[in-house]
Amino acid sequence: MTKQYRITLLPGDGIGPEIMAVAVNVLEAVGQQFGLTFELTEALIGGAAIDATGGPLPDETLATCKASDAVLLAAIGGYKWDSLPNDIRPERGLLGLRAGLELFANLRPAQILPQLIDASSLKREVVDGVDIMVVRELTGGIYFGQPKGIFATESGEKRGVNTMVYSESEIDRIGRVAFETAQKRNKRLCSVDKANVLEVSQLWRDRMIQLSADYPDVELTHMYVDNAAMQLVRNPKQFDTIVTGNLFGDILSDAAAMLTGSIGMLPSASLGASGPGVFEPVHGSAPDIAGQDKANPLAQVLSAAMMLRYGLNEPEASDRIEQAVLKVLDQGYRTGDIWSEGCTAVGCKAMGDALLKALAA
Ligand code: IPM
Ligand code: MG
């Protein structure tokens with residue numbers, strides 16, 4: 001019996017289409033092995049959508065995503081659209097997708113692979129064994145809070161305004177995802193805030209403490225965000241699961257990603273209470289190397305694996321992809337971002353071919 005899944009593909013901009021092509025080949029190969037058929041529908045987002053339709057998230061794209069079982073996204077943005085006004089920039093498309101699908105929970109794992117330890121800019125002994133999950137709130141906080149905008153004051157001077165706001169229910173729902181995530185890991189949860197300065201963070205901290213009563217097996221600690229940034233590069237192994245708001249999570253997840261050597265390796269999952277999730281690499285669209293067959297497709301491929309695990313509940317197929325990624329690294333294949341002495345330098349396509357061989361073996 002074959003199972004059928006409807007997947008929306010959003011290749012987006014820059015290196016997006018190249019890395020998506022690799023992930024699709026991998027998905028189809030694994031699908032054949034596990035009796036899964038993927039009905040793939042491609043839709044426009046970001047700069048590609050702006051060029052074709054004038055806006056970064058056409059209604060049709062959101063409708064297609066809503067009607068699917070999961071969404072696989074590559075990357076959006078590029079120099080070409082950098083000077084557009086804020087409300088029609090490519091980034092708006094991504095934020096609109098997150099809001100439109102109510103994807104309030106963003107899981108960003110940062111795990112160092114032994115094969116890539118020397119690609120990290122930090123010392124081996126600092127990063128060896130790092131395995132962190134950042135749980136970032138994704139549809140609230142200062143990214144979406146009202147009021148927001150650039151307003152003229154009476155004196156004629158302009159004021160830019162954003163508002164960092166969290167309600168109890170928003171904190172509780174991300175908190176519960178984080179506690180449950182920690183339960184499946186090493187049962188340590190560090191909540192990151194700025195409660196020494198911000199009221200919104202005080203409420204955040206109070207709610208996390210309240211919630212912890214329901215998860216007695218999880219050890220809850222708190223850290224201010226500035227200290228967390230420092231601790232991530234000083235002693236990252238102290239962290240297991242981190243939960244934090246939208247803006248702090250944006251920043252800390254990039255720092256956590258870089259511990260592993262390359263942001264080109266890291267996938268993410270964005271999940272709502274129900275409905276399709278969005279699975280995408282943590283990295284951006286890398287316009288400087290787009291179209292040159294230099295991109296590392298592994299974060300995209302690992303995002304497809306996360307999609308199978310968290311979005312479609314197909315853990316065996318997910319495991320199979322992750323094993324193939326480890327295998328090609330063991331075989332010494334490296335794209336430029338993770339290359340080190342003695343390894344075989346490959347481009348995006350050749351990395352894809354190596355993955356297909358590893359899957360077939
Ligand atoms: C991310 C990105 C986005 C964000 C941008 C592209 C809107 O940096 O997914 O981390 O800030 O959330
Ligand atoms: Mg970011």
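Ligands are counted one by one from 1 in listed order, and the atoms in each one are counted from 1 as well. All values below come from the heavy atoms of this structure, side chains included, with hydrogens, waters and symmetry mates left out.
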*Any side-chain donor paired with an acceptor under 3.5 Å for D337 and S262?*
yes
*Say whether, by atom type as modelled, one donor and one acceptor occur between the side chain of N106 and the main chain of A269 under 3.5 angstrom.*
yes
*State which residues pass ring pair (Phe, Tyr, Trp, His ring centres under 6.0 Å) with F179; sequence neighbours excluded, sorted by chain then number.*
Y215
*Stepwise, does the side chain to side chain contact (heavy atoms under 4.5 Å, CB included) test hold for W204 with I174?*
CA-CA 10 Å; W204 178 282; I174 190 69; 3.7 Å; yes
_the Mg ion (ligand 2) to D250: nearest N/O/S atom name_ = OD1
_Can you list everything that forms a side chain to side chain donor-acceptor pair (under 3.5 Å) with T153? Sequence neighbours excluded, please._
S155
Between ligand 1 and the protein, find all N/O pairs closer than 3.5 Å and give the distance for each.
unit_1	atom_1	unit_2	atom_2	d
ligand 1	8 (O)	D250	OD1	3.2
ligand 1	9 (O)	R98	NH2	2.7
ligand 1	9 (O)	R108	NH2	2.8
ligand 1	10 (O)	R108	NH1	3.1
ligand 1	10 (O)	R108	NH2	3.1
ligand 1	10 (O)	R136	NH1	3.2
ligand 1	10 (O)	D250	OD1	2.9
ligand 1	11 (O)	Y143	OH	2.6
ligand 1	11 (O)	D250	OD1	3.4
ligand 1	12 (O)	R98	NH1	2.7
ligand 1	12 (O)	R136	NH1	3.3
ligand 1	12 (O)	R136	NH2	2.8

*Which residue pairs pass the salt bridge (charged side-chain N to carboxylate O under 4.0 Å, His left out) test with at least one member in residues 217-231, sequence neighbours excluded?*
K194-D226
